[in-house]
Amino acid sequence: MTVTRFAPSPTGYLHIGGLRTALFSWLTAQHNGGKFLLRIEDTDLSRNSDEALDAIIRAFDWVGLHYDGEVVYQSQRFELYTKYINQLLDEGKAYKCYMSKEELTALREEQMANKQRARYDGRYRDFDGTPPEGVAPVIRIKAPLEGDIIFSDGVKGEICIASSEVDDFVIARADGVPTYNFVVAIDDALMGLTQVIRGDDHLYNTPKQIVVYKALGFALPEFYHVAMINNEEGKKLSKRDGATDVMEYQKLGFLPEALLNFLVRLGWSHGDQEIFSLAEMIELFDPKNINKSASNYNMDKLLWLNAHYIKNMPHDKLAKLLVSYGVEVEGHDRLEILLDATRERGKTMVELAEQVNIILNAPSEYNPKNAKKAFKGDASDIIQGFAVMLKEWETPLHLPSEYHAVLEKFVETKEIGFGKIGQPLRVALLGSMTGSGLDEIMAIVGVDETISRIAKAIEFISNKES
RNA sequence: GACCCUUUCAUCUAGUGGCCAAGGAUAUUGCGUUUUCAACGCAAAAACAGAGGUUCAAAUCCUCUAAGGGUCGCCA
């Protein structure tokens, strides 16, 4: 059975790049009817925080990725790791190293000065003398001295790294706490991972982990190293580039389906298809099609996708969502008309909420430039005349089409074009010259409010003139 | 510095030796539609990093160069 995982360290919020690798892993599991596990890499006890873990799980909930089974905490598995450390020590596959931190630093500096890759020189590998006093040893694993470490990466192809590049790295700190590359290999093996999908910043950890797999006799999973997401300029994504925290996207008014669709197309594709529902992603995703190269974050495309999902969301769902962005609307028909009138005008939920509020709330001021243009000449008389016609209209007015009939009758009677009434009426109703259709706006706010807004505009015009 | 990886329009990408004088999408520009804006429709502009090979044929295979990225922790 396919088993994948996401293994964050709880040091902050869920990063947008992390979400993409999580998504790739999750999709791989779903596609194959397997399991997707969550493991918390908290072996560095000084850097953990519970809030960070909460934030990660909340982000998962928001986008709708679920993990199977219980969350695995590495900090709760130290006994297990210690058992394996002792086993390797007993078998002579690991050893104690008494080198001090100062000595290590000196060694690294010397190697760098000699234009070499910095690495531990193995000086305690076969040590059987008397250990120096006052140094708590670390445990190092014996990496191969000769040959190459070769593995096949599902994304990058065959990776070959000379053993001389992989040193006898530390598997347990001086205080006995095991280190990352050691526990990752153990957990991935014990948790039954079949595919390990992670950022390609881990590419160089893979040969180290393979050393552990081999020493412990574990079978290797398939590795997939996914290239990074850069900012719009092609540089490393940082907080200065805007939202990197997944939950930030909710605040900005993005829909989870848009965010996931955006992320899945960063580094993966299926022919010319751009829009993927979650179900389609699951059906079509194959990690073998992941791109080798890094991709740049592209806000415009995210916005386009978000607009797409807003436009295509069922009204009741959209209305419910709008509540969390501060907009609540009474009346079923009214809501329908309102959403029809606004949904194509907002690329985010925040913008959509703004559009809705512009219609719902009478304008507190008129855009000076627009007012000047729209309220000139006989504009006041025209909208006044329209208000009268509305007031005296004999059949009840509810639907946009009914308001449209009034408007049509009005331009016909007055023998004017739509443009003549359209501009002043729009500014009277909204305060600006752009926005939703007049018929819809009037249907939403109703006859009384329409007349009242017109009256206010007329007052404004006469004040200006006097 | 060493090692490893990457390179198709501004951006995301299709492309696995002939179907490619390179296709789609976003963004951009123009036109249409509309009482306005948006949405939508149509159109335009826009790329194989460079140089050498291999081949009847190269975006695709090989070599080198260049540019970008990653890694070199008792962090993960």
Side-chain angles (χ1 to χ4, degrees), chain A residues 7-11 41-44 46-47 74 97 99-101 104-105 108 111-120 136-140 153 155-157 159-162 164-167 169-181 183-184 199-207 225 227-228 230 232-236 262 265-275 291-305 307 311 341-347 355 370 374 407 411 417-427 430 432-439:
Chain A
S9 58
T11 51
E41 315 250 300
D42 53 356
T43 51
D44 186 346
S46 61
R47 302 209 315 180
Q74 292 187 320
C97 168
M99 202 170 175
S100 70
K101 288 190 182 180
L104 247 183
T105 311
R108 279 196 196 109
Q111 286 168 332
M112 293 289 242
N114 289 336
K115 302 187 175 186
Q116 288 172 319
R117 191 173 153 81
R119 61 189 198 284
Y120 174 68
V138 298
I139 314 285
R140 289 181 182 273
D153 185 278
V155 176
K156 311 256 185 198
I159 306 286
C160 173
I161 289 164
S164 58
E165 295 295 323
V166 180
D167 62 4
F169 61 95
V170 173
I171 58 172
R173 301 167 169 92
D175 62 4
V177 176
T179 60
Y180 173 76
N181 281 119
V183 299
V184 165
D200 78 356
D201 48 340
H202 286 285
L203 192 68
Y204 241 87
N205 287 325
T206 309
H225 288 98
M228 303 278 98
N230 296 323
E232 313 222 14
E233 285 77 47
K235 301 288 176 196
K236 195 171 177 172
F262 171 68
R265 282 286 288 103
L266 240 38
W268 178 83
S269 59
H270 181 260
D272 286 340
Q273 187 170 347
E274 296 289 348
I275 305 291
N291 271 187
K292 291 177 198 298
S293 53
S295 38
N296 289 6
Y297 180 93
N298 182 198
M299 184 55 121
D300 282 332
K301 193 144 187 185
L302 210 208
L303 282 167
W304 173 72
L305 281 163
K311 276 183 289 186
T342 53
R343 67 187 322 181
E344 280 163 8
R345 260 161 256 272
K347 285 186 191 299
Q355 290 296 321
N370 292 347
L407 212 44
V411 298
F418 271 106
K420 198 87 175 153
I421 168 103
Q423 289 196 344
L425 184 56
R426 167 164 285 104
V427 176
L430 297 182
S432 92
M433 216 125 84
T434 62
S436 306
L438 293 170
D439 308 335

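None of the values given here were measured: they were computed from a predicted structure.
For the pair A:Y204 OH and B:C72 P, the interatomic distance rounds to 10 Å; values are reported in whole Å. Between A:L425 atom CG and B:U35 atom C1' there is a gap of 10 Å when expressed in whole angstrom units. In this structure, A:L303 atom CG and B:A25 atom P are separated by 19 Å, rounded to whole Å. Per the geometry, CZ belonging to A:R117 stands 8 Å off P belonging to B:G73, to the nearest Å. Taking atom CE on A:M112 and atom P on B:C3, their separation rounds to 13 Å, with Å as the unit. Atom NE2 of A:H202 and atom P of B:U71 are 9 Å apart (whole Å). As a whole-Å value, the separation of A:L407 CG from B:U36 P is 13 Å. Remark: C1' of B:A25 and CG of A:D300 are 12 Å apart, rounded to the nearest angstrom.
At the heavy-atom level, A:M99 lies under 4.0 Å from base atoms of the strands shown. Nucleic acid contact for A:R119: none, since no nucleic acid atom lies under 4.0 Å from a heavy atom of the residue. Counting non-hydrogen atoms under 4.0 angstrom, A:F418 reaches the backbone sugars and phosphates but no base. Heavy atoms of A:G437 sit under 4.0 angstrom from at least one base atom. If you check every strand for non-hydrogen atoms under 4.0 Å, A:R108 touches sugar and phosphate atoms only.
When the side-chain hydrogen bond (donor to acceptor under 3.5 Å, both in side chains) test is applied to A:N370, no partner is found at least two apart in sequence or on another chain. For A:V166, the side-chain contact (heavy atoms from CB on, under 4.5 Å) criterion is met by A:A143, A:I149, A:I161, A:P207, A:K208, A:V211, not counting sequence neighbours. Judged as a side-chain contact (heavy atoms from CB on, under 4.5 Å), and not counting sequence neighbours, the contacts of A:S295 are A:R20, A:L266. Shown here are the side-chain contact (heavy atoms from CB on, under 4.5 Å) partners of A:M228, two or more places apart in sequence or in another chain: A:D200, A:D201, A:N230. For the side-chain hydrogen bond (donor to acceptor under 3.5 Å, both in side chains) test, residues two or more places apart in sequence or in another chain that qualify with A:Q74 are A:E41, A:D187. For A:Y180, the ring pair (Phe, Tyr, Trp, His ring centres under 6.0 Å) partners two or more places apart in sequence, or in a different chain, are A:H202. Applying the side-chain contact (heavy atoms from CB on, under 4.5 Å) test to A:T105 and every residue at least two apart in sequence or in another chain returns A:E109.
On the P atoms, B:U55 is 28 Å away from B:U8, given to the nearest whole Å. Comparing the C1' positions of B:G50 and B:U13 gives a spacing of 23 Å, expressed to the nearest Å. Rounded to whole Å, the P atom of B:A57 lies 37 Å from the corresponding atom of B:A43. Atom name P, nucleotides B:C40 and B:C5: the rounded distance is 43 Å, in whole Å. The separation of B:A76 from B:C64, taken at their P atoms, amounts to 37 Å, rounded to a whole angstrom. Using atom P as the reference point in both B:U71 and B:G53, the two lie 38 Å apart (nearest Å). The same atom, P, is picked in B:A46 and in B:G24; the two are 14 Å apart, to the nearest Å.
For the pair A:T179 and B:C74, the criterion of a side-chain N or O lying under 4.0 Å from OP1 or OP2 is not met.
Checking B:A76, B:G1, B:A27 against the side-chain heavy atoms of A:N205 singles out B:A76 as nearest. Proximity note for A:E165 (side chain, C-beta onward) versus B:A2, B:C72, B:U35: the nearest is B:A2. Side chain of A:R140, nearest nucleotide from B:G70, B:C74, B:C37: B:C74. The listed nucleotides are B:G70, B:G69, B:U35; the one nearest the side chain of A:K235 is B:G69. For A:S269, taking side-chain heavy atoms from C-beta onward, the closest of the listed nucleotides B:A76, B:U13, B:U36 is B:U13.
Side chain of A:R265 to main chain of A:I275: no donor-acceptor pair is present (N/O by atom type, distance under 3.5 Å, no hydrogens or angles). Counting only distance, with no hydrogens or angles, the side chain of A:S432 and the backbone of A:T434 share a donor-acceptor pair below 3.5 Å.
Base pairing annotation: B:C3 forms a Watson-Crick or G-U wobble pair with B:G70, both donor-acceptor distances under 3.5 Å. Across all strands shown, B:A10 forms a Watson-Crick or G-U wobble pair, both distances under 3.5 Å, with B:U26. Figure legend. B:A38 is base-paired to no nucleotide; pairs are counted as Watson-Crick or G-U wobble with both atom distances under 3.5 Å. Base pairing of B:U33: no nucleotide in any strand meets the Watson-Crick or G-U wobble criterion (both distances under 3.5 Å). Pairing partner, B:C64: B:G50, with both Watson-Crick or wobble hydrogen-bond distances short of 3.5 Å. In this entry B:G17 has no Watson-Crick or G-U wobble partner, no candidate having both defining distances under 3.5 Å.
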Strictly under 3.5 Å: I want the nitrogen or oxygen pairs between protein and nucleotides 5-12 of chain B, one per line.
unit_1: B:C5; atom_1: O2'; unit_2: A:K156; atom_2: NZ; d: 2.9
unit_1: B:C12; atom_1: OP1; unit_2: A:N296; atom_2: N; d: 2.9
unit_1: B:C12; atom_1: O2'; unit_2: A:R265; atom_2: O; d: 2.8
unit_1: B:C12; atom_1: O2; unit_2: A:K301; atom_2: NZ; d: 3.2

Can you name the atoms? Protein N/O to nucleotides 19-23 of chain B N/O, anything below 3.5 Å, with the distance.
unit_1: B:G23; atom_1: N2; unit_2: A:D272; atom_2: OD1; d: 3.0

Polar atom pairs between nucleotides 58-64 of chain B and protein, under 3.5 Å, N or O only, would you list them?
none

Considering only nitrogen or oxygen atoms on both sides, find all protein atoms under 3.5 Å from nucleotides 38-42 of chain B and state each distance.
unit_1: B:A38; atom_1: O2'; unit_2: A:E344; atom_2: O; d: 2.4
unit_1: B:A39; atom_1: O3'; unit_2: A:K311; atom_2: NZ; d: 2.7
unit_1: B:C40; atom_1: OP1; unit_2: A:K311; atom_2: NZ; d: 2.8

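Map A:L302 and A:G419 each onto its nearest nucleotide of RNA chain B; the residue landing nearer the 5' end is A:L302. When the nearest nucleotides of RNA chain B are assigned to A:M228 and A:V170 by heavy-atom distance, the more 5′-ward of the two goes with A:M228.
The two residues A:D439 and A:L407 have their closest heavy-atom pair at OD1-CD2, 3.6 Å. Residue A:A374 comes nearest to A:V427 through the heavy atom pair CB-CG2, 3.6 Å, listed as atom of the first residue, atom of the second, then distance.
Contact annotation: the side chain of A:H225 approaches that of A:T206 to within less than 4.5 Å [non-hydrogen atoms, C-beta and beyond]. A heavy-atom distance below 4.5 Å is not found between the side chains of A:N205 and A:V184. With contacts defined as side-chain heavy-atom distances shorter than 4.5 Å, the pair A:I171/A:N181 does not qualify.
For the atom pair CZ (A:R343) and CD (A:Q355), the distance works out to 14.0 Å, reported to the nearest 0.5 Å. For the atom pair A:M112 CE and A:R117 CZ, the distance stands at 9.5 Å (nearest 0.5 Å).
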Show me the donor-acceptor pairs within less than 3.5 Å that the side chains of residues 296-303 of chain A make with the rest of the protein, sequence neighbours left out.
unit_1: A:Y297; atom_1: OH; unit_2: A:Y249; atom_2: OH; d: 2.7
unit_1: A:K301; atom_1: NZ; unit_2: A:E274; atom_2: OE1; d: 3.1

